[in-house]
Amino acid sequence: MLITDLTTPALLVERDVLDANLATMSAALPGPRLRPHVKAHKTTALARRQAGHGHEGFTCATVRECEVMAAAGLGADLLLANEVLDTRRLGALVADGARVTVAVDSLETIAAATAGGVREVLVDVNVGLPRCGCPPEKAGDLASAARAAGLHVRGVMGYEGHLMLVPDPADRARMTGDAMAILVRAAEDVGGEIISAGGTGTYLDNTWATEIQAGSYALMDTAYGKIGHPFGQALSVLGTVISVSPDHAVVDVGLKSLGMDHGLPTIEGAQVWFCSDEHTTFAPEEPVRVGERLRVLPAHVDPTVALHEQMHLVDGETVLETWPVDMRGW
Ligand code: PLP
Ligand code: MN
């Protein structure tokens with residue numbers, strides 16, 4: 001099959017770029033040094049490819065991601081790096097033999113873990129991103145509460161998400177060091193062997209974490225493309241040019257097939273003007289024809305992938321495989 005046979009918009013993954021990204025990352029962070037975050041691609045076929053590069057533990061953001069990973073035989077060591085109150089389906093997974101460790105940052109999330117049949121937790125610590133995570137000085141007490149409730153505390157996590165896109169490498173490294181000083185101090189109070197943190201932006205800066213939770217590196221997006229990491233843009237949304245005017249053209253890829261929170265997408269050899277529901281309007285440097293196919297590069301990988309039911313692994317114009325985005329939904 002050729003990409004001209006696909007119905008657009010269609011999610012494309014360039015096989016060679018993907019495999020180079022996976023190889024680059026597994027050389028930098030081999031085996032358990034990386035716990036790939038599956039929320040970036042939501043696709044068990046891609047997670048299996050990451051496992052083939054030596055990473056057997058995975059990070060998930062939702063209960064459903066854990067369920068689908070376990071059903072695919074990839075549930076040997078899942079970290080749900082998120083707070084969860086409704087743990088009923090997690091307990092069922094653990095009972096079925098999956099290993100699921102859950103982030104906790106309150107007495108309520110500890111109680112939910114215990115009630116749901118979860119056995120292992122990490123204490124989630126706020127290292128500067130105003131999102132989940134307990135105040136660092138509370139981490140030790142939460143660990144004691146978790147142990148008193150019968151949970152095994154494997155260590156800490158602390159996601160420095162506010163630093164991922166800091167453009168200057170020296171600034172990013174220094175700020176990561178400051179954030180991780182908080183986490184390392186909390187880890188002393190909590191105990192356990194895991195310090196889980198980091199992402200694509202800080203995968204090399206963060207030398208304090210025992211494991212890095214990067215996800216975007218595999219497929220990449222144009223926001224991450226700006227910070228100079230050695231990962232290529234594997235992901236695009238294939239579109240069809242549906243209208244051509246003297247000074248602009250329109251492709252059938254719009255807000256409903258692109259994650260837009262990191263800004264406009266990019267089209268090579270063109271200036272993107274704006275996106276609407278089903279359209280991206282752009283000014284091409286060279287004339288384009290109605291019916292022409294082109295690749296639209298998203299600015300943010302995770303919300304883009306979550307909008308699509310499948311992704312097509314391609315080599316140039318050839319479609320090699322079609323993978324269901326099977327971890328979608330809740
Ligand atoms: N860990 C957590 C908890 C996250 O929310 C994210 C992304 O938002 C990541 C890790 C790393 O992701 P990325 O590779 O996109 O930086
Ligand atoms: Mn993201």
Side-chain angles (χ1 to χ4, degrees), residues 18 21-22 24-26 28-29 33-43 46-47 50 55 57-63 65-66 78-84 101-105 109 121-134 155-167 172 175-176 179-180 183 194-206 208-235 258-263 265 297-307 325 327-328:
L18 169 67
N21 290 347
L22 299 187
T24 300
M25 182 57 99
S26 63
L29 298 175
R33 286 280 293 121
L34 184 76
R35 185 186 281 280
H37 208 319
V38 302
K39 80 186 171 80
H41 53 69
K42 285 184 170 283
T43 300
L46 210 161
Q50 292 173 309
H55 315 295
F58 288 90
T59 310
C60 299
T62 64
V63 172
E65 288 172 2
C66 291
L78 302 175
L79 168 62
L80 179 44
N82 210 355
E83 277 57 26
V84 50
T101 303
V102 180
V104 293
D105 70 354
T109 44
V121 295
L122 291 185
V123 176
D124 188 2
V125 179
N126 182 333
V127 296
L129 172 70
R131 207 172 67 178
C132 299
C134 68
V156 293
M157 72 160 264
Y159 177 54
E160 71 280 26
H162 55 307
L163 307 180
M164 291 300 141
L165 293 170
V166 172
R172 196 174 57 240
M175 293 162 92
T176 302
M180 288 304 110
L183 190 59
I194 293 179
I195 300 179
S196 194
T200 299
T202 61
Y203 83 107
L204 286 180
D205 306 308
N206 194 330
W208 296 268
T210 60
E211 56 178 45
I212 298 289
Q213 302 176 356
S216 301
Y217 77 97
L219 296 177
M220 284 293 282
D221 54 38
T222 60
Y224 262 136
K226 289 189 183 124
I227 64 168
H229 282 354
F231 305 113
Q233 184 75 36
L235 185 77
L258 288 168
M260 293 286 295
D261 63 314
H262 287 173
L297 308 181
H300 194 182
V301 50
D302 320 58
T304 299
V305 169
L307 293 168
V325 182
M327 287 184 259
R328 294 176 79 217

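Order of appearance sets the numbers: ligands from 1, and atoms from 1 within every ligand. Residue numbers count from 1 along this sequence.
Checking side-chain atoms of Arg33 against main-chain N and O of Ser26 turns up no donor-acceptor pair under 3.5 Å.
A donor-acceptor pair shorter than 3.5 Å can be found between the side chains of Glu211 and Ser196. No donor-acceptor contact under 3.5 angstrom links the side chains of Gln233 and Asp221, judged on distance only.
Residue-ligand proximity: Gly215 is placed with a non-hydrogen atom under 4.0 Å from ligand 1. Contact analysis puts Tyr224 in contact with ligand 1, with a non-hydrogen atom separation below 4.0 angstrom. Residue contact check for ligand 1: Ala61 places no non-hydrogen atom closer than 4.0 Å to it.
Less than 4.0 angstrom separates some heavy atom of Gly198 from each of these atoms of ligand 1: 10 (C). Counting the atoms of ligand 1 from 1 in the order shown, those under 4.0 Å from a heavy atom of Ser216 are 13 (P), 14 (O), 15 (O).
By heavy-atom distance, the residue among Met220, Gln213, His300 lying nearest atom 2 (C) of ligand 1 is Gln213. For atom 5 (O) of ligand 1, the nearest non-hydrogen atom from the set Arg131, Met25, His37, Met164 belongs to Arg131. Looking at Arg35, Lys39, Glu160 and measuring to atom 7 (C) of ligand 1, the nearest heavy atom belongs to Lys39.
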Begin with the C-alpha distance, continue with both residues' side-chain angles, and end with the deciding distance and a verdict on ring-ring contact (aromatic ring centres under 6.0 Å, His included) for His229 and Tyr203. CA-CA 10 Å; His229 282 354; Tyr203 83 107; 5.2 Å; yes

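Because the distance cut-off is set at 2.8 Å, His262 fails to qualify as a neighbour of the Mn ion (ligand 2), as none of its N, O or S atoms comes that close. Look at Asp302 and the Mn ion (ligand 2): an N/O/S atom of the residue is under 2.8 Å from the metal.
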